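Bear in mind that the values here come from a model prediction, so they are computed numbers and not experimental data. Excluded from the calculations below are hydrogen atoms, water molecules and symmetry mates; all remaining heavy atoms, backbone and side chain alike, are included.
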Amino acid sequence: MQFGVFTVGDVTTDPTTGRTPTEHERIKAMVAIARKAEEVGLDVFATGEHHNPPFVPSSPTTMLGHIAATTERLILSTSTTLITTNDPVKIAEDFAMLQHLADGRVDLMMGRGNTGPVYPWFGQDIRQGIPLAIENYALLHQLWRDEVVDWKGRFRTPLQAFTATPRPLDGTPPFVWHGSIRSPEIAEQAAYYGDGFFANNIFWPKDHFQQLISLYRQRYAHYGHGTPEQAVVGLGGQVFMRRNSQDAVREFRPYFDNAPVYGHGPSLEEFTEQTPLTVGSPQEVIDKTLTFRESFGDYQRQLFLMDHAGLPLKTVLEQLDMLGEEVVPVLRREFAKDRPAGVPDGPTHAARVRAPQPT
């Protein structure tokens, strides 16, 4: 099983000091977090993609290419690649290039994002969000597998005898996750291609995501990729830790109360009860994360959000130390217990090169 962190790259004022980092500071902080993730033994770093304030990661492959040059083992991924508004040709070429630079330590997560205005900024119509996701990914999938592509669709100019360059490393495209918080059509898409499904269940109660993941597992088997238990599932989570839970709650509360996403809504206590958010001791994080298997079955990737809401970099790096030294080793051991032999490991380039891939 793979453990890591993901970032949305928000530039948010620290509510305890009133200080807002510059965009430069925030970008450098994201790089420092990725390097720290490798240092403490995590497996994955993933960045979002946004094209509007208060977020900075508008060019994920640029950032991940830089991180690739300063790390050796870390899998570099995205927590959203906007399949609806990016040109599939550009995605195909950018991530193949990143594959080569990172020696295969690359995968990506398709998503539609949560910013409505991004669609017209890139010449698209939000009312076509699902059809765009379906058509654009079909083209991307083909571009990575067919050397010469002829294509005609609804949303871009036709392609005639087109070859995307560079070709995927070792003839093996990056592993793709399809991320969704609400759309069964995306779970169906992931199942159809035999790709992974990532349920970023950080904002909604688990019952909703149980339905999405169950649908994905059933349809994965329907399309002949394996048993429902062999479907490749990733989950989101978010944590804030101190040695005792009272200190964690006291320190994190002002960040929660003023967060741009969920601040000024449900209380911290209500949110931690209904979602994966854990604010407490390392043991409490371990205990709650272990319940995810009870709710969703054995799965392959667990990513935590840890650097949002204005938390200073020093605090985030302290959190990563605790995550890597005290939490993840226990989670690895406990999740490995009684794990059925047929459940696949988290995806890696080396394993995909060795194994036949879905067409």
query = Does the side chain of Gln124 reach to within under 4.5 Å of the side chain of Thr84, using non-hydrogen atoms?
reply = no

task = Tell me yes or no: between the side chains of Asp287 and Gln283, is some donor less than 3.5 Å from an acceptor?
result = yes

ask   = Backbone N or O of Leu74 within a donor-acceptor pair of the Thr71 side chain at under 3.5 Å?
value = no

Audit row: Asp345, Gln2, side chain to side chain donor-acceptor pair (under 3.5 Å) steps and yes/no = CA-CA 8 Å; Asp345 294 335; Gln2 296 167 342; over 6 Å; no

ask   = Can you tell me if Glu270 uses its side chain to pair, donor with acceptor, with the backbone of Ser267 under 3.5 Å?
value = yes

task = May I have the step-by-step check of side chain to side chain donor-acceptor pair (under 3.5 Å) for Ser183 and Arg112, ending in yes or no?
result = CA-CA 10 Å; Ser183 302; Arg112 291 177 290 140; 2.3 Å; yes

ask   = So, Thr315 side chain and Leu311 main chain: donor-acceptor pair closer than 3.5 Å or not?
value = no

task = Scan for ring pair (Phe, Tyr, Trp, His ring centres under 6.0 Å) pairs involving residues 117-139, sequence neighbours excluded, and state none if there are none.
result = His51-Phe122, Tyr137-His141, Tyr137-His178, Tyr137-Tyr193

remark   = Of all heavy-atom pairs linking Ala46 and Leu303, the shortest is CB-CD1, 4.1 Å

query = Are the side chain of Arg217 and the backbone N or O of Pro228 linked by a donor-acceptor pair below 3.5 Å?
reply = yes

task = Nearest 0.5 Å please: distance from the CZ atom of Phe6 over to the OG1 atom of Thr80.
result = 8.5 Å

inquiry  = Using salt bridge (Lys or Arg N to Asp or Glu O under 4.0 Å), reason through Arg253 and Asp257 one step at a time and then give a plain yes or no.
reply    = CA-CA 6 Å; Arg253 188 180 298 280; Asp257 289 345; 5.1 Å; no

request  = Output the distance between atom CD (Glu39) and atom CG (Leu317), rounded to the nearest 0.5 Å.
outcome  = 8.5 Å

ask   = Between atom CZ of Arg73 and atom CZ of Arg105, what is the distance when rounded to the nearest 0.5 Å?
value = 9.0 Å

Minimum-distance pair of heavy atoms, taken over all atoms of Pro184 and Leu215 = CB-CD2, 3.6 Å

No-hydrogen, no-angle side-chain donor-acceptor test under 3.5 Å, Asp170 and Thr172 = no

Listed partners of Thr13 passing side chain to side chain contact (heavy atoms under 4.5 Å, CB included), at least two apart = Thr20

Which side-chain N or O atoms in residues 229-237 pair as donor and acceptor under 3.5 Å with protein atoms at least two apart or in another chain?
from, atom 1, to, atom 2, distance (Å)
Glu229, OE1, Thr227, OG1, 3.4
Gln230, OE1, Thr227, N, 2.8
Gln230, OE1, Thr227, OG1, 3.4

inquiry  = Could you check whether any side-chain N or O of Trp144 sits under 3.5 Å from a backbone N or O of Ala92, counting only pairs where one atom can act as donor and the other as acceptor?
reply    = yes

ask   = Do Arg26 and Thr12 have a side chain donor and acceptor closer than 3.5 Å?
value = no

query = Distance-only, no hydrogens or angles: does the Asp10 side chain make a donor-acceptor pair with backbone N or O of His308 under 3.5 Å?
reply = no

Using residues 335-342 as the side-chain source, report each donor-acceptor pair under 3.5 Å to any protein atom, sequence neighbours left out, with the distance given to one decimal.
from, atom 1, to, atom 2, distance (Å)
Lys337, NZ, Glu334, OE2, 3.1
Arg339, NH1, Tyr299, O, 3.3
Arg339, NH2, Tyr299, O, 2.7

task = Say whether, by atom type as modelled, one donor and one acceptor occur between the side chain of Thr272 and the main chain of Glu269 under 3.5 angstrom.
result = yes

inquiry  = When you measure from the side chain of Thr70 to the backbone of Ile67, do you find a donor-acceptor pair of N or O atoms at a distance under 3.5 Å?
reply    = yes

key: Stepwise side chain to side chain donor-acceptor pair (under 3.5 Å) check, Glu188 with Tyr223   = CA-CA 10 Å; Glu188 177 79 16; Tyr223 288 115; 2.4 Å; yes

task = Sort out for me which residue in Asp107, Thr81, Asp195 forms a side chain to side chain contact (heavy atoms under 4.5 Å, CB included) with Trp177.
result = Asp107

note = side-chain hydrogen bond (donor to acceptor under 3.5 Å, both in side chains) pairs touching residues 155-167, sequence neighbours excluded, are Asp87-Arg156

task = Evaluate side chain to side chain donor-acceptor pair (under 3.5 Å) for Gln210 paired with Ser214, printing each intermediate quantity in order.
result = CA-CA 6 Å; Gln210 285 175 319; Ser214 176; over 6 Å; no

Gln128: partners by side chain to side chain contact (heavy atoms under 4.5 Å, CB included), with sequence neighbours left out = Asp125, Pro131, Leu132, Arg154, Phe155

Contact check, side chains of Phe292 and Leu290, non-hydrogen atoms, under 4.5 Å = no

task = Quick one: do Phe296 and Phe209 satisfy ring-ring contact (aromatic ring centres under 6.0 Å, His included)? Show the steps, please.
result = CA-CA 8 Å; Phe296 305 110; Phe209 290 99; 7.3 Å; no

inquiry  = Tell me whether Glu25 at atom CD has more than 12 heavy atoms from other residues, nucleotides or ligands lying less than 6.0 Å away.
reply    = yes

key: Test salt bridge (Lys or Arg N to Asp or Glu O under 4.0 Å) applied to Glu318 and Arg242, step by step   = CA-CA 9 Å; Glu318 292 169 353; Arg242 287 304 181 202; 3.0 Å; yes

inquiry  = Would the distance check show the side chain of Ser79 and the main-chain N or O of Gly48 forming a donor-acceptor pair, the cut-off being under 3.5 Å?
reply    = yes

task = Please name all residues satisfying salt bridge (Lys or Arg N to Asp or Glu O under 4.0 Å) with Glu185, sequence neighbours left out, ordered by chain then number.
result = none

key: Spacing of CD belonging to Gln218 relative to CD1 belonging to Ile213, to within rounding of 0.5 Å   = 12.0 Å

query = When you check the gap from the basic side-chain N to the acidic O, do Arg301 and Asp43 get nearer than 4.0 Å?
reply = no

query = Backbone N or O of Ala187 within a donor-acceptor pair of the Arg219 side chain at under 3.5 Å?
reply = no

For residues 52-64, please give each side-chain donor-acceptor pair under 3.5 Å, one per line with the distance, not counting sequence neighbours.
from, atom 1, to, atom 2, distance (Å)
Ser59, OG, Thr62, OG1, 2.5

note = Sorted by chain and number, sequence neighbours left out, ring-ring contact (aromatic ring centres under 6.0 Å, His included) with His349 holds for none

inquiry  = To check you understand the geometry: which heavy-atom pair defines the closest contact between Pro254 and Glu251, and what is its length?
reply    = CD-O, 3.5 Å

inquiry  = Checking one residue: Val343. Which other hydrophobic residues are in its cluster under the side-chain 4.5 Å linking rule?
reply    = none

key: Side-chain heavy-atom pair Met306, Thr7 within 4.5 angstrom cut-off   = no

message = With a 4.0 Å cut-off on N to O distance, would you call Lys36 and Asp307 a salt bridge?
response = no

request  = Return yes when atom CZ of Arg127 has more than 12 non-hydrogen atoms of other residues, nucleotides or ligands closer than 6.0 Å, and no otherwise.
outcome  = no

message = I'd like to check the ring-ring contact (aromatic ring centres under 6.0 Å, His included) partners of Phe304; sequence neighbours left out, ordered by chain and number.
response = none

inquiry  = Checking one residue: Phe162. Which other hydrophobic residues are in its cluster under the side-chain 4.5 Å linking rule?
reply    = Val89, Leu139, Leu143, Val149, Trp151, Leu159

key: Heavy atoms from other residues, nucleotides or ligands near CE of Met97 exceed 12 (cutoff 6.0 Å)   = no

Spatial distance of atom CG (Asp247) from atom CE (Met241) [nearest 0.5 Å] = 14.0 Å

